[in-house]
Protein chains: 2
Amino acid sequence: MAADPLSRVFAALADPTRRDMVARLAVTDATVGELAEPYDVSVQAVSKHLRVLEDAGLVSRSRDAQRRPVHLEAEVLDLMTKWIERYRRQAEERYRRLDDVLAAMPDDTSDTPTTPQGGNPS
Amino acid sequence: MAADPLSRVFAALADPTRRDMVARLAVTDATVGELAEPYDVSVQAVSKHLRVLEDAGLVSRSRDAQRRPVHLEAEVLDLMTKWIERYRRQAEERYRRLDDVLAAMPDDTSDTPTTPQGGNPS
DNA sequence: GCCATCGTCAACCAGATGGTTGACAACACC
DNA sequence: GGTGTTGTCAACCATCTGGTTGACGATGGC
């Protein structure tokens with residue numbers, strides 16, 4: 001199983017049923033039965049989905065008699081947002097710089113052989 | 001295979017190797033060989049990863065002689081950010097409203113038997 | 001034309017995933 | 001105590017996934 005937290009969160013949300021559960025849990029807490037109701041699968045399957053979400057830290061389950069109210073832990077979503085935004089912004093930045101380079105360039109762009117991008121330090 | 005675009009993007013980024021590729025592609029375009037170099041897997045495996053990223057719309061491949069430069073298509077990341085932020089904000093909103101309710105509540109909170117609201121600092 | 005290079009395709013394999021059904025634990029209600 | 005409700009566990013199954021190796025298409029350099 002995916003060890004790192006980020007992979008678990010991404011994987012958990014890669015399933016439409018689980019995303020729908022998260023969407024509904026954003027509105028209000030719910031029991032397993034309530035969550036299962038709209039889907040055409042067994043309660044056991046829903047329970048499995050919840051386990052995946054719980055392992056990813058996206059939900060927590062408490063106890064109320066026989067019922068297990070499920071609660072959305074939205075903070076984990078920040079993890080993803082931070083990751084995504086970091087690289088989106090980086091890519092954007094790159095375009096901006098490319099535009100600058102092109103703007104500053106004289107018109108003799110006759111030879112642009114293989115990899116026009118210069119230093120690759122990393 | 002996952003039909004809906006959002007599932008494909010989430011699934012694509014659920015793998016650490018693919019996330020690393022995206023991170024590197026945010027800096028600069030690269031060929032398949034260049035991308036494969038740091039990882040201890042075959043070039044074929046990397047090619048498969050790229051296919052997953054491409055199916056998710058995260059990268060595009062052009063052609064330069066025998067080489068296939070890979071380019072990050074960062075716009076798709078917005079899809080995810082929008083989904084995530086929507087529900088994170090919704091959940092936050094819910095807490096805010098709950099706080100209002102609690103604040104407006106009289107003090108006879110004598111019986112709150114079910115969930116003591118303890119910290120679950122995962 | 002011939003060869004080296006870059007990358008993909010195809011077949012295969014082990015392990016994860018999402019679903020099923022059946023059994024059972026925990027609890028409320030009578 | 002017996003019964004119904006709620007949810008989990010276990011076993012099983014089909015499919016997907018990430019990796020491998022081997023063959024081969026596409027292209028540039030000689």
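Both backbone and side-chain heavy atoms feed into the values below; hydrogens, waters and symmetry mates do not. Here is how names work: the chains are called A, B, and so on, in the same order as the sequence lines, proteins then strands, and each is numbered from 1.
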Rounded off to whole Å, could you give me the CD-to-P distance for the A:Glu54 and D:dT8 pair?
9 Å

Taking protein heavy atoms under 4.0 Å as touching, what does nucleotides 22-28 of chain D look like 5' to 3' if B marks base contact, S marks sugar-phosphate-only contact and - marks none?
B---SBS

According to side chain to side chain contact (heavy atoms under 4.5 Å, CB included), who are the partners of B:Ser42, at least two apart in sequence or on a separate chain?
B:Gln44, B:Ala45

What is the separation between atom CG on A:Leu50 and atom P on C:dG19, rounded to the nearest whole Å?
12 Å

Sequence-distant partners of A:Glu54, side chain to side chain donor-acceptor pair (under 3.5 Å), two or more places apart:
A:Arg61

Side chain to side chain donor-acceptor pair (under 3.5 Å) partners of A:Ser47, counting only residues at least two apart:
none

Expected list for residues 13-36 of chain A near DNA chain D, using heavy atoms below 4.0 Å, is A:Thr31, A:Val32, A:Gly33

Quick one: is C:dT20 close enough that its OP1 or OP2 comes under 4.0 Å of any side-chain N or O from A:Ser42?
yes

For A:Leu13 and A:Met80 the tightest heavy-atom approach is CD1-SD, 3.6 Å

Could you please name the option among C:dG18, C:dT20, C:dC12 that lies closest to any side-chain atom of B:Lys48?
C:dC12

Residue pairs, two or more places apart or on separate chains, that pass salt bridge (charged side-chain N to carboxylate O under 4.0 Å, His left out) and touch residues 80-91 of chain A:
A:Glu85-A:Arg88, A:Glu85-A:Arg89, A:Arg88-A:Glu92, A:Arg88-B:Asp78

Provide, to the nearest angstrom, the distance between the CZ atom belonging to B:Phe10 and the P atom belonging to C:dT17.
17 Å

D:dT17, OP1 or OP2 - any side-chain N/O from B:His49 closer than 4.0 Å?
no

side-chain contact (heavy atoms from CB on, under 4.5 Å) for A:Arg18 and A:Leu58? Distances and angles first, verdict last.
CA-CA 10 Å; A:Arg18 286 195 292 261; A:Leu58 278 162; over 6 Å; no

Between C:dG18 atom P and A:Arg51 atom CZ, what is the distance in whole Å?
13 Å

Applying side chain to side chain donor-acceptor pair (under 3.5 Å), can you list everything that pairs with B:Ser7, at least two apart in sequence or on another chain?
A:Arg19, B:Asp4

Would you please name every residue forming a side chain to side chain donor-acceptor pair (under 3.5 Å) with B:Arg68, sequence neighbours left out?
none

Is any side-chain N or O of A:Arg61 closer than 4.0 Å to OP1 or OP2 of D:dT8?
yes

Can you list every pair that meets salt bridge (charged side-chain N to carboxylate O under 4.0 Å, His left out) and has a residue in residues 33-51 of chain A, with sequence neighbours left out?
A:Arg51-A:Asp55

In whole angstroms, how far is the C1' atom of C:dT5 from the CD atom of B:Glu37?
16 Å

Without decimals, in angstroms, what is the distance between A:Tyr39 OH and C:dT20 P?
14 Å

